[in-house]
Amino acid sequence: MTRRNARLGGKIFTALVFLFLYAPIFVLIVFSFNSSKSRTTWTGFSFKWYAELFQNDAIMSSLYTTLLVAVISALIATVLGTFAALGFYTMKKRWRNPLLEVNNIPLMNADVVTGVSLCLLFVAAAAIMGDFTAWINKIFGTDLKTNFHLGFATLLIAHISFNTPYVILSVMPKLYQLDRNLVDAAQDLGCTFMQAFFKVVVPQIMPGIVNGIIIAFTMSIDDFVISYFTAGSTVNTLSMTIYAMARRRVSPEINAISTLLFLAVLILLVIINLREIRQEDKKKRLQKAIAR
Amino acid sequence: MKTKLFAVPYIIWMALFVCIPIVLIVVYAFTNDAGAFTFENFKGMTSYASVFGRSFLLAAIATIICILIGYPLSIVMSKFPSNWQKIFTMLIMLPMWMNFLLRTYAWMSILEKTGLISQLLGLVGLPPLDIINTNTAVVIGMVYNFLPFMVLPIYSVVTKIDRSLIEAAQDLGATPGKVFKKVTLPLSLPGVLSGITMVFVPAVSTFVISQLLGGGKHMLLGDLIEMQFLGTAYNPHLGSAIALVMMIIVIICLRIMNRFGDGEGQAVIL
């Protein structure tokens, strides 16, 4: 009897925690369809805020920036990280371990510290570059730009810097699962090093690379703090626009974006999960075939 | 495979954008506007002792609440059939994938004086709840935002615990309480420790939650640092010094905790 009670208690507890996790999101979604500006009183159904959302230039341009930075930084971080992981993998432990420690710094550090430290670097670099071009101008009489500001470039660099560690962490385990003999075998059978690399190594670590790119992309979209310190005053990401709007408190367009983003994430998660299920099916079928 | 050189571009990248920025923080913390060496920045910090105290206190409270919710949840979740477990982990991760600011914004409309909780209380004739812009609201925001970071590591460790160890303990006459204390708890400790790190570090350094749910009235360390760099009180030297001290205190806390954890882990193996 007490056991059954304990189990029921466990179920109720789980339900309460999920209520806690989802109630706020549910509220956001419901009030995105509210016809008045109120966030708390229901006055009737409307799509008004969605229409206004697409009319809002600030939101649309920041959405564009966010997606652009996320795509570019995820791609660069994936290439940089995959090659770095390959390099670390063949290094001696004496070199690899300290490098992996440095790689972990952006993951362990508080976002504020990472953001602020990059901000200091970029401001200093902008000043040095300004002095340098001014000096060139003086000597050669050219007319180069002398005032550099934080903007899209610094935002992109910051995103690549915090994305790459995640890529490395998802590629490294796949490399350790790799059978080194396979590469030797391919080369013995007449492959050049490049052929062996692209035909043997890359397909084997592909799941890690794909995983890395997905993590990098979502981290980049979700980031606020580091972007806030590195984007300067002219470029805004979606998170920065939302922050500015939320501080003014009443803006139901935020609810509309929340709903759309929530749907996007939901669809993405379903796709990823379907892919995993399909891969597992494939593996099972393969195992069956081998068993036969 | 000779691919060592593949890492060179990233090593240069790390030197430029990971190492130099941290060196810059240290340099800025020990210099003044004229570029001269000084301890002034650290002396100037004493007036912010209360902010340090409040940040670490609120982050600690939020972390403890996360353990109190997250630990039992992980245990309960691990007892469900495996299909359910997959759905649960996905449901835990889903809010994490939604923008951090939106999650915090959602609580503003719930906790407001005319908000939904107050309205519900009003329906049953209770007085409204007015906790927005208080420390309580900030702690709720922290727990809400960082709870998944506590649940996921604990859950992943708990599901890997060998069932036969628990059965063996039961066979040898241990009561359920003793099984928990001697087997489950020590084996799940690594998960709890990494959960603590993943909750405490972002909680102690947040400025978004305190600004949106605390109304900017009760400053936290994050707010203080933000103010020195982008806010009204522009002073990157003081800001760097605060960031440096915060970083060092956090590292010391985590080291002490992990040492304590390692000891426990070894005791189990012995």
Side-chain angles (χ1 to χ4, degrees), chain A residues 10 13-14 17-18 20-25 27-28 31 39-40 80-81 83-84 86-91 99 102-103 105-106 108-113 116-121 124 157 161 164 180 183 218 222 224-225 229 238-239 242-243 246-247 249 254 257-258 261-262 265-266 269 273, chain B residues 1-11 13-14 17-22 24-25 28 69 72-73 76-77 79 90-91 94-95 97-103 105-110 112 114-116 119 144 201-202 204-205 207-208 211-212 222 225-226 229-230 236 239-240 243 247 250:
Chain A
F13 177 70
T14 315
V17 175
F18 280 108
F20 172 67
L21 283 175
Y22 280 89
I25 297 173
V27 169
L28 273 186
F31 279 91
R39 274 190 322 204
T40 46
L80 197 65
F83 279 105
L86 283 164
F88 290 167
Y89 171 66
T90 40
M91 266 174 204
L99 285 170
V102 178
N103 181 53
I105 290 176
M108 294 306 296
N109 235 339
D111 278 357
V112 179
V113 177
V116 158
S117 66
L118 282 168
C119 176
L120 284 178
L121 174 77
I157 292 175
S161 299
T164 315
R180 281 195 189 210
V183 182
T218 49
D222 201 44
F224 164 68
V225 176
F229 285 105
L238 190 58
S239 298
I242 295 171
Y243 181 64
R247 286 184 83 175
R249 306 239 148 188
I254 294 183
I257 319 177
S258 316
L261 284 182
F262 187 72
V265 168
L266 198 63
L269 266 186
N273 272 285
Chain B
M1 243 194 339
K2 288 265 179 287
T3 55
K4 250 180 267 184
L5 294 179
F6 285 2
V8 170
Y10 184 56
I11 292 172
W13 186 282
M14 284 199 296
F17 300 116
V18 177
C19 299
I20 293 182
I22 289 176
L24 275 179
I25 288 227
Y28 266 72
I69 299 175
L73 182 71
V76 172
M77 261 166 65
K79 297 214 163 117
M90 225 182 88
L91 282 177
L94 190 57
W97 280 43
M98 206 169 142
N99 196 295
F100 168 73
L101 289 155
L102 296 176
R103 277 178 280 160
Y105 174 79
W107 278 98
M108 286 165 71
S109 46
I110 293 179
E112 269 175 351
T114 55
L116 293 165
Q119 286 182 24
Y144 181 73
V201 174
V204 82
S205 63
F207 65 91
V208 176
Q211 239 147 59
L212 296 184
I225 296 172
E226 189 252 350
F229 282 89
L230 297 176
S240 297
M247 225 157 59
V250 167

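Just so it is clear: chains get the letters A, B, ... in the order the sequence lines come, proteins before strands, and each one is counted from 1. All values below come from the heavy atoms of this structure, side chains included, with hydrogens, waters and symmetry mates left out.
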Between A/D111 and B/S205, do the side chains contain a donor N or O and an acceptor N or O under 3.5 Å apart?
no
Which one, B/V204, B/L230, B/I225, leads in non-hydrogen pairs under 4.5 Å with chain A?
B/L230
Examine whether an atom of A/T14 lies under 4.5 Å from a heavy atom of chain B, and if so say whether it belongs to the side chain, the backbone or both; otherwise answer neither.
both
Residue pair A/S258 / B/L102: nearest heavy atoms and the distance that separates them:
OG-CD2, 3.3 Å
Among B/A243, B/P72, B/P236, who wins on heavy-atom pairs under 4.5 Å with chain A?
B/P72
I need the B/C19 SG to A/L121 CG distance, nearest 0.5 Å.
11.5 Å
Please determine whether side chain to side chain contact (heavy atoms under 4.5 Å, CB included) holds for the pair B/M247 and A/N109, giving the CA-CA distance in whole Å, both sets of side-chain angles, and the decisive distance to 0.1 Å.
CA-CA 8 Å; B/M247 225 157 59; A/N109 235 339; 3.4 Å; yes
Euclidean distance, B/N99 CG relative to A/L261 CG, rounded to 0.5 Å:
7.0 Å
Please look at A/V102 and chain B and tell me whether the side chain, the backbone, both or neither of the residue comes under 4.5 angstrom of a heavy atom of that chain.
both
Hits for side chain to side chain contact (heavy atoms under 4.5 Å, CB included) against B/A7, two or more places apart or cross-chain, chain-then-number order -> A/F88, A/M91, B/I11
Evaluate the criterion ring-ring contact (aromatic ring centres under 6.0 Å, His included) for residue pair B/Y144 and A/F20; output intermediate values, then yes/no.
CA-CA 8 Å; B/Y144 181 73; A/F20 172 67; 5.5 Å; yes
When you compare the side chain of A/S117 with that of B/L24, does any pair of heavy atoms fall below 4.5 Å?
no
Closest approach of B/I69 and A/F13, non-hydrogen atoms and distance?
O-CZ, 3.5 Å
Which one of B/P95, B/G239, B/P202 has the most heavy-atom pairs closer than 4.5 Å to chain A?
B/P95
Side chain, backbone, both or neither: which part of A/L99 has a heavy atom under 4.5 Å from chain B?
both
Any non-hydrogen side-chain atom of B/E226 less than 4.5 Å from a side-chain atom of A/V112?
no
Specify which of A/L120, A/V225, A/V265 makes the most heavy-atom pairs with chain B at under 4.5 Å.
A/L120
4.5 Å side-chain heavy-atom contact, B/L116 and A/V27:
yes
Across all chains, not counting sequence neighbours, the side chain to side chain contact (heavy atoms under 4.5 Å, CB included) partners of A/S161 are A/I157, B/W13, B/F17
Can you tell me how the ring of A/F224 sits relative to the ring of B/F207, calling it parallel under 30°, perpendicular over 60° and tilted otherwise?
tilted
Are side-chain heavy atoms of B/L94 and A/Y22 found at a separation under 4.5 Å?
yes
To the nearest 0.5 Å, how far apart are CG in A/L28 and CZ in B/R103?
11.5 Å
For chain B, which of A/I257, A/N103, A/L238 has the most heavy-atom pairs under 4.5 Å?
A/N103
Are B/L91 and A/L21 side-chain neighbours, meaning at least one heavy-atom pair lies under 4.5 Å?
no
Taking side chain as C-beta onward, heavy atoms only, is B/F6 less than 4.5 Å from A/T90?
no
Which atoms of A/L118 approach chain B - backbone, side chain, both or neither, heavy atom under 4.5 Å:
both
If you define the side chain from C-beta out and look only at heavy atoms, does anything of B/P9 sit under 4.5 Å from A/L80?
yes
Which atoms of A/F31 approach chain B - backbone, side chain, both or neither, heavy atom under 4.5 Å:
side chain
